[in-house]
Protein chains: 2
Amino acid sequence: MRKPREEMIAETKAKLIAAGRQAFGTVGYADASMDDFTAGAGLTRGALYHHFGDKKGLLQAVIREIDAEMTARLNRISAEAPNRWQGFVAECVAYIEMALEPEIQRIMFRDGPAVLGDVSQWQTTSGCIAALSRSIEQLKADGVMADIDTEAAARLINGASSHAALWIAKSDAPEETSRRAVKGFRTLLEGLCVRG
Amino acid sequence: MRKPREEMIAETKAKLIAAGRQAFGTVGYADASMDDFTAGAGLTRGALYHHFGDKKGLLQAVIREIDAEMTARLNRISAEAPNRWQGFVAECVAYIEMALEPEIQRIMFRDGPAVLGDVSQWQTTSGCIAALSRSIEQLKADGVMADIDTEAAARLINGASSHAALWIAKSDAPEETSRRAVKGFRTLLEGLCVRG
DNA sequence: CCACTTACATACGTGGCGTATGTCTATGAG
DNA sequence: CTCATAGACATACGCCACGTATGTAAGTGG
């Protein structure tokens with residue numbers, strides 16, 4: 001064992017992030033007791049304060065991890081589409097669908113912004129917005145999308161998506177609501193498409 | 001004095017709502033100490049628990065009050081416009097601008113959803129969504145707006161607006177960002193407008 | 001006029017957070 | 001090889017806030 005030290009540390013951090021992610025994603029940030037979930041990881045609050053400073057620090061780390069995962073998924077989806085426009089639409093729809101997952105919903109769209117302020121503002125932390133922006137930029141270059149401020153479009157679409165997901169998630173009939181939301185969303189996007 | 005009793009009660013409730021609104025709107029829900037802000041209203045937590053059940057109950061009451069005010073403002077704005085379409089756009093832009101006010105931002109778009117879940121889901125509590133829906137319904141009837149699910153459209157637009165406001169509020173140059181956001185937003189809405 | 005309810009205040013227990021402090025293990029210099 | 005130091009983590013403590021249980025005074029209905 002050459003460097004068991006750093007490995008142990010990384011492992012500890014990973015365990016804390018995993019434990020926090022689990023707790024935040026289920027009972028929510030406010031009701032997640034640091035004593036409880038650190039104990040679940042075989043540690044104590046001491047480790048958490050040492051590595052992340054405070055409870056918010058751990059939340060940041062959790063969010064960074066989830067954001068990276070989401071970004072990777074979105075990039076993959078848009079890359080697999082037959083053309084840019086369809087890739088873009090697929091990406092947006094996927095974003096709605098990801099926001100349906102309880103963990104993402106709770107951590108990224110509810111507790112995250114509430115506790116840390118707008119998460120998408122941390123420097124360029126939000127990979128998702130960046131991914132959307134890249135797609136929009138390309139579509140404009142291709143002449144497929146109407147002339148619109150790139151970042152503004154990305155954020156508006158992002159906002160519409162996350163709210164749609166909230167609506168669906170809280171709905172009595174999520175299946176039905178999901179269809180309505182996605183259909184409406186496609187209509188909205190098509191309004192941005194240059195017509196022939 | 002015929003009925004000083006009910007008046008006193010209403011007054012007490014109003015004082016608590018006002019105090020809570022002030023505290024929630026400035027330091028935020030989590031950091032607002034019930035002991036502190038009830039004392040500021042010349043009362044104690046006892047009164048709060050009696051009338052509102054718990055801290056969340058007071059937040060609900062505060063939100064209901066703010067929502068009613070916002071709805072009234074939106075209705076007024078759309079009524080004053082020269083035609084339905086312009087009224088609708090004005091309403092949406094006004095929504096963004098309202099979301100810029102720190103109190104509304106904090107209570108309606110951050111703490112509210114985080115603490116209570118999606119506020120717009122409480123039965124038909126959200127007057128704002130209802131107002132938007134009515135406008136959209138009329139525009140569709142007039143043949144001015146594309147065929148789109150009314151509620152879906154209302155919620156997508158609502159989401160886009162509130163995120164845009166967040167973006168603006170947290171921006172380094174709010175003026176500039178506001179212009180970009182509103183311009184992009186108009187473009188988005190025009191995509192829903194039936195072209196001649 | 002009296003029993004009862006209602007509107008609040010006071011008192012108390014619990015639990016969570018943050019910090020200060022302790023301990024043990026790994027590393028690096030001599 | 002060993003000893004001093006730093007870093008990783010645990011333990012211990014105090015504070016504050018919430019919720020509840022209980023008390024009290026004032027109003028109301030019979």
Side-chain angles (χ1 to χ4, degrees), chain A residues 1-62 106-107 111-112 114-117, chain B residues 1-62 106-107 111-112 114-117:
Chain A
M1 302 182 198
R2 288 303 301 163
K3 300 203 166 177
R5 195 70 188 285
E6 309 206 347
E7 286 173 20
M8 290 300 293
I9 295 171
E11 197 177 325
T12 296
K13 279 191 180 181
K15 276 196 278 195
L16 287 172
I17 291 177
R21 178 171 174 167
Q22 158 70 18
F24 297 158
T26 50
V27 300
Y29 178 83
D31 290 338
S33 160
M34 297 166 74
D35 281 317
D36 287 356
F37 70 74
T38 52
L43 296 161
T44 68
R45 280 197 345 258
L48 194 155
Y49 279 99
H50 183 70
H51 289 295
F52 300 99
D54 61 358
K55 199 181 183 185
K56 288 182 183 179
L58 180 64
L59 179 60
Q60 281 195 20
V62 168
R106 182 95 216 193
I107 298 176
D111 293 348
V115 175
L116 303 170
Chain B
M1 305 180 197
R2 289 303 301 162
K3 300 202 166 180
R5 194 70 189 284
E6 308 207 347
E7 285 174 21
M8 289 302 292
I9 296 172
E11 197 177 324
T12 296
K13 281 192 180 180
K15 275 196 280 195
L16 288 172
I17 291 177
R21 178 171 174 168
Q22 158 70 18
F24 296 159
T26 50
V27 298
Y29 178 83
D31 291 338
S33 159
M34 297 166 75
D35 280 318
D36 288 355
F37 69 74
T38 52
L43 297 161
T44 68
R45 280 197 347 257
L48 194 157
Y49 279 99
H50 183 71
H51 289 294
F52 299 100
D54 61 359
K55 200 181 182 184
K56 289 182 183 179
L58 180 63
L59 180 61
Q60 281 196 20
V62 168
R106 183 95 217 195
I107 298 176
D111 294 347
V115 175
L116 302 170

If you restrict it to nitrogen or oxygen atoms, what contacts under 3.5 Å exist between nucleotides 15-18 of chain D and the protein, and what is each distance?
residue : atom : partner : partner atom : Å
D:dC18  : OP1  : B:A32   : O            : 3.0
D:dC18  : OP1  : B:K55   : NZ           : 2.9
D:dC18  : OP2  : B:M34   : N            : 3.3

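- Between A:A61 and A:I17, the shortest heavy-atom contact is CB-CD1, 4.0 Å.
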Would you tabulate the side-chain donor-acceptor contacts of residues 22-30 of chain B under 3.5 Å, counting partners in other chains and residues two or more places apart, or write 'none'?
residue : atom : partner : partner atom : Å
B:T26   : OG1  : B:Q22   : O            : 2.8
B:T26   : OG1  : B:A23   : O            : 3.2
B:Y29   : OH   : B:K56   : N            : 3.3

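- Residue pairs that meet the side chain to side chain donor-acceptor pair (under 3.5 Å) test with at least one member in residues 30-44 of chain B, sequence neighbours left out, are B:D35-B:R45.
- One finds no side-chain N or O of B:H50 lying less than 4.0 angstrom from the OP1 or OP2 phosphate oxygen of C:dC8.
- The separation between A:M8 atom CE and C:dT27 atom C1' is 16 Å, rounded to whole Å.
- Rounded to an integer number of Å, the gap from B:F52 CZ to C:dA7 P is 12 Å.
- Distance CG (B:L48) to C1' (D:dG19): 11 Å, rounded to an integer number of Å.
- Between B:T44 and C:dT10, a side-chain N or O to OP1/OP2 separation shorter than 4.0 Å is absent.
- In this structure, CD1 of A:I9 is placed 15 Å from P of C:dT25, rounded to the nearest angstrom.
- Judged as a side-chain contact (heavy atoms from CB on, under 4.5 Å), and not counting sequence neighbours, the contacts of A:A114 are B:A114.
- Spacing between atom CG of B:L16 and atom P of C:dC8 amounts to 8 Å, rounded to whole angstrom units.
- Atom NE2 in A:H51 sits roughly 17 Å away from atom P in C:dG18 (whole-Å rounding).
- B:R106 is linked by a side chain to side chain donor-acceptor pair (under 3.5 Å) to B:D111, counting only residues two or more places apart in sequence or in another chain.
- Per the geometry, CG belonging to A:D54 stands 8 Å off P belonging to C:dT19, to the nearest Å.
- For B:D54, the side chain to side chain donor-acceptor pair (under 3.5 Å) test picks out no residue, with sequence neighbours left out.
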